[in-house]
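Have a look at the structure below, then the notes.
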Amino acid sequence: MTAPNRKSDPLQQIRDQILERRRFLITSHARPDGDSIGSQLAMAFALDALGKEVRIVNADPAPDHYQEFPGMERIEIATRVEPMTADAVIVMECSEPGRTGLAGLEREYLINIDHHAGNQLYGALNWHDDSAAACGEMVFDLIQALGVPLTPEIATHIYLAILTDTGSFHHSNITPRTFDICRQCVEAGVTPAVMARRVFDSNSFGKLKLIGALLDDMELADEGRLAVLHLDDQMLAATGSTHNDTEGLINLPLTAREIQAVVFFKVTQNGQVRVSMRSKYDVDVRRVANEFGGGGHKNAAGFTVNGPLMDVRAGIVRRLVGAIAEGLETRPA
Ligand code: AMP
Ligand code: MN
């Protein structure tokens, strides 16, 4: 079943090229999240079913709590793609190829599958659908178009992609189709309680302590509508946690009713600052990310700053306060 608003042409072209080609390399963005892991592995299992040769190459390892999902051992970590090792490279979740962190992609036949607004359409084939709540929704369509049945492994990874990229069903890009795909995944053997526990309730003690430290340090702006979180390596050391443990923590302030948006500054050793933002309803943090050279979605976006946080912090906060004011005007009743 293909929803009427889906652009079916690129999907059919990608299906045809996949059926024609034999050796595939799958990749996604550096510092992979649940949608990138789920989309890549669902695709890999589907290509296995078609008798294709498949490799998955990522610039960074997945966070620990994803390691027990099926097929994780197949992910190779590298920062370069050797020429001629694949007939096509499937790039998922990347608005431009640089986000993979892989060198050598410019020589390859690229199949670009992404749901981020502002995708640069850099592939030989480009399928871009920013109405998809997760790239995993698009992979689901592609796997159906390829005629591959929904096995428990594929269903697990599609569900993982959707569960994580919707912020556990919080974001505003969720449609009836999101639940229809999830329903089919559950019918194929996925247990939602197990998925939710594995993804969201697998914290280390270090992470719990880090949550305490981060929230203790949290600053509020815009009369409590904006939360500002800050992390550096000293905090990780003091709480016995790692960078991996920071995943998902940005969502915590949004559990307070008044807070409409969160910005999380992660200062890394090399002097870079990762800036992550989350918001409720129509508060559009992607537009703020765009102004600083990043991207993402309305309710989840990010960018990287090369230089001291102090130089940009006030400007970022000011733009977020503006985004909150605009978003509140169209707040649903
Ligand atoms: P994060 O805060 O890193 O979890 O990212 C939130 C969302 O924004 C994800 O969909 C990312 O793919 C996207 N995003 C983060 N950083 C960038 C960037 N530098 N360029 C484009 N998209 C980004
Ligand atoms: Mn995604």
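As the structure lists them, so they are numbered: ligands from 1, and atoms in each ligand from 1. Keep in mind that the numbers below use all heavy atoms, side chains included, and drop hydrogens, waters and symmetry copies.
Note: H297 and H115 have tilted aromatic rings, judged against thresholds of 30 and 60 degrees for the angle between ring planes.
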Identify all side-chain donor-acceptor contacts of residues 195-202 below 3.5 Å with residues at least two apart in sequence or on another chain.
from, atom 1, to, atom 2, distance (Å)
R197, NH1, D201, OD2, 2.5
S202, OG, R197, O, 3.2
S202, OG, R198, O, 2.5

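More than 12 heavy-atom neighbours from other residues, nucleotides or ligands sit within 6.0 angstrom of CD on E106. Heavy-atom contacts from other residues, nucleotides or ligands closer than 6.0 Å to NZ of K52 number more than 12.
Salt-bridge annotation for R183 and E187: present, with a side-chain N of the basic residue lying under 4.0 Å from a carboxylate O of the acidic one. Under the 4.0 Å criterion applied to side-chain N and carboxylate O atoms, D87 and R22 are not assigned as salt-bridge partners. Ion pairing between E93 and R99 fails under the 4.0 Å rule for side-chain N and carboxylate O. One finds no salt bridge joining E258 and R225 here, because no Lys/Arg side-chain nitrogen approaches an Asp/Glu carboxylate oxygen to under 4.0 Å.
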List ligand 1's nitrogen or oxygen atoms that come under 3.5 Å of a protein nitrogen or oxygen, with the partner atom and distance.
from, atom 1, to, atom 2, distance (Å)
ligand 1, 2 (O), S276, OG, 2.7
ligand 1, 2 (O), R278, NH1, 3.0
ligand 1, 2 (O), R278, NH2, 3.4
ligand 1, 3 (O), R274, NH2, 2.8
ligand 1, 4 (O), R278, NH2, 2.9
ligand 1, 8 (O), G295, O, 3.3
ligand 1, 8 (O), G302, N, 3.4
ligand 1, 10 (O), H116, NE2, 2.8
ligand 1, 10 (O), H297, NE2, 3.4
ligand 1, 12 (O), R99, NH1, 3.1
ligand 1, 12 (O), H116, NE2, 3.0
ligand 1, 14 (N), G295, O, 3.3
ligand 1, 16 (N), R274, NH2, 3.4
ligand 1, 16 (N), G302, O, 3.2
ligand 1, 20 (N), G295, N, 3.3
ligand 1, 22 (N), G295, N, 3.4
ligand 1, 22 (N), G295, O, 3.4

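Of all protein N/O/S atoms, those lying under 2.8 Å from the Mn ion (ligand 2) come to 5.
Applying the under-4.5 Å side-chain rule to Ile, Leu, Val, Met, Phe, Trp and Tyr, the cluster around V283 extends to L226, V228, V263, F265, V267, V273, V275, M277, V285, V288, F292, F303, V305, L309, V312, I316, V317, L320, V321, I324, L328.
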